[in-house]
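Everything below concerns the one structure shown next.
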Amino acid sequence: MKRRAVLFAPSVLGADPLRLAEAVESLQGRQDWLHLDIMDGHFVRNLSFGPHLARAMRRRWPDAFIDVHLMVDRLDTALSLFLDSGASLITVHAEAEPQLLHAVLSSIRSAGLKAGAAIGPATPVEVLRPVLGCIDLALVMSVTPGFGGQGMIEETLERTRELAQLRAAGGHSYLIQMDGGLNKDNVARAALAGCDVVVAGSAVFSSPAPAEYLEEMKSKVKEALADAGIGS
Ligand code: DX5
Ligand code: ZN
């Protein structure tokens with residue numbers, strides 16, 4: 001069985017905000033995507049960045065795949081701010097405005113971007129079922145959204161497995177992303193559960209050598225998949 005390669009999306013929330021560009025450069029291009037967490041202080045109890053950072057990142061790294069994770073509850077406002085911010089993909093939370101989810105995902109795609117739908121650890125996977133055919137990415141939060149540096153909730157691995165089964169059963173093609181608490185010691189379990197895109201913030205950026213740390217995470221995934229006979 002041929003398996004898709006696992007992608008790595010370091011989260012700049014884990015970087016020192018005063019040295020964000022240097023932190024990204026310290027990855028030496030080993031990343032696949034750059035993950036940008038947007039928090040509105042209401043959907044989650046924290047504030048982070050805004051569209052000006054997405055724009056600045058796009059200017060600085062014209063070819064980067066910028067993965068914007070919106071942890072906000074005013075989706076209409078957020079979309080008006082982010083659709084032309086340079087994002088490559090925009091992920092919104094299913095909990096934010098459930099009645100708007102389908103329309104919001106369509107707007108993202110109509111703007112020529114990839115669209116993702118996220119669920120927090122307390123939200124049933126079931127809520128994503130109606131949109132599985134119109135997303136490019138399903139994001140399984142492996143911590144409570146809002147803060148970097150938390151420990152991964154092991155039970156969320158089951159939700160990744162479930163989304164992988166739903167994808168196979170429904171003939172869908174979305175990628176499954178896991179976000180929160182991932183590091184070199186648990187990333188193999190995430191990949192084995194079916195995670196296609198690994199987000200990691202503090203583990204990567206608090207390492208003295210972020211590029212090497214990322215390589216270490218990649219090797220752990222490669223080894224685990226090869227041992228399980230599903231390596232690419
Ligand atoms: C948490 C954010 C994550 C965060 C991950 O709400 O969505 O993307 O940056 O950080 P770590 O890897 O430190 O858990
Ligand atoms: Zn995130």
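First listed ligand is number 1; within each ligand, the first listed atom is number 1.
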Between ligand 1 and the protein, which N/O pairs are shorter than 3.5 Å?
unit_1   : atom_1 : unit_2 : atom_2 : d
ligand 1 : 6 (O)  : Gly146 : N      : 2.8
ligand 1 : 7 (O)  : Asp37  : OD1    : 3.0
ligand 1 : 7 (O)  : His69  : ND1    : 3.3
ligand 1 : 7 (O)  : Asp179 : OD2    : 2.9
ligand 1 : 8 (O)  : His35  : NE2    : 3.3
ligand 1 : 8 (O)  : Asp37  : OD1    : 3.1
ligand 1 : 8 (O)  : Asp37  : OD2    : 2.7
ligand 1 : 8 (O)  : Asp179 : OD1    : 2.6
ligand 1 : 8 (O)  : Asp179 : OD2    : 3.0
ligand 1 : 9 (O)  : Ser11  : OG     : 2.7
ligand 1 : 9 (O)  : Asp37  : OD2    : 2.9
ligand 1 : 12 (O) : Gly201 : N      : 2.7
ligand 1 : 13 (O) : Gly149 : N      : 2.8
ligand 1 : 13 (O) : Ser202 : N      : 3.0
ligand 1 : 13 (O) : Ser202 : OG     : 2.5
ligand 1 : 14 (O) : Gly181 : N      : 2.8

Return all side-chain donor-acceptor pairs below 3.5 angstrom for residues 22-29, not counting sequence neighbours, or 'none' if the list is empty.
unit_1 : atom_1 : unit_2 : atom_2 : d
Glu22  : OE1    : Arg19  : NH2    : 3.0
Glu25  : OE2    : Trp61  : NE1    : 3.0
Ser26  : OG     : Ala23  : O      : 2.5
Gln28  : OE1    : Arg30  : NH1    : 2.5

Near the Zn ion (ligand 2), meaning under 2.8 Å, the protein N/O/S atoms are His35 NE2, Asp37 OD1, His69 ND1, Asp179 OD2
Contacts satisfying salt bridge (charged side-chain N to carboxylate O under 4.0 Å, His left out) that involve residues 86-114 (not counting sequence neighbours) are Arg109-Asp136
Note: Ala193 and Leu157 closest approach over all heavy atoms is CB-O, 3.7 Å
Heavy atoms of Tyr174 and Leu137 approach each other most closely as CB-N, 3.9 Å
Run the side-chain contact (heavy atoms from CB on, under 4.5 Å) test on Val44 and Thr144 for me, step by step, so that the C-alpha distance in whole Å, both residues' side-chain angles and the decisive distance to 0.1 Å come before the verdict. CA-CA 9 Å; Val44 291; Thr144 301; over 6 Å; no
Ionic contact status for Asp196 with Arg167, cut-off 4.0 Å: yes
* Asked: Ion pair present between Arg161 and Glu158, side-chain N to carboxylate O less than 4.0 angstrom?
  -> yes
Just do the side-chain contact (heavy atoms from CB on, under 4.5 Å) check on Leu36 and Leu34 with the steps written out, would you?
CA-CA 6 Å; Leu36 177 58; Leu34 288 172; over 6 Å; no
inquiry  = Does His172 have more than 12 heavy atoms from other residues, nucleotides or ligands lying within 6.0 Å of its NE2?
reply    = yes
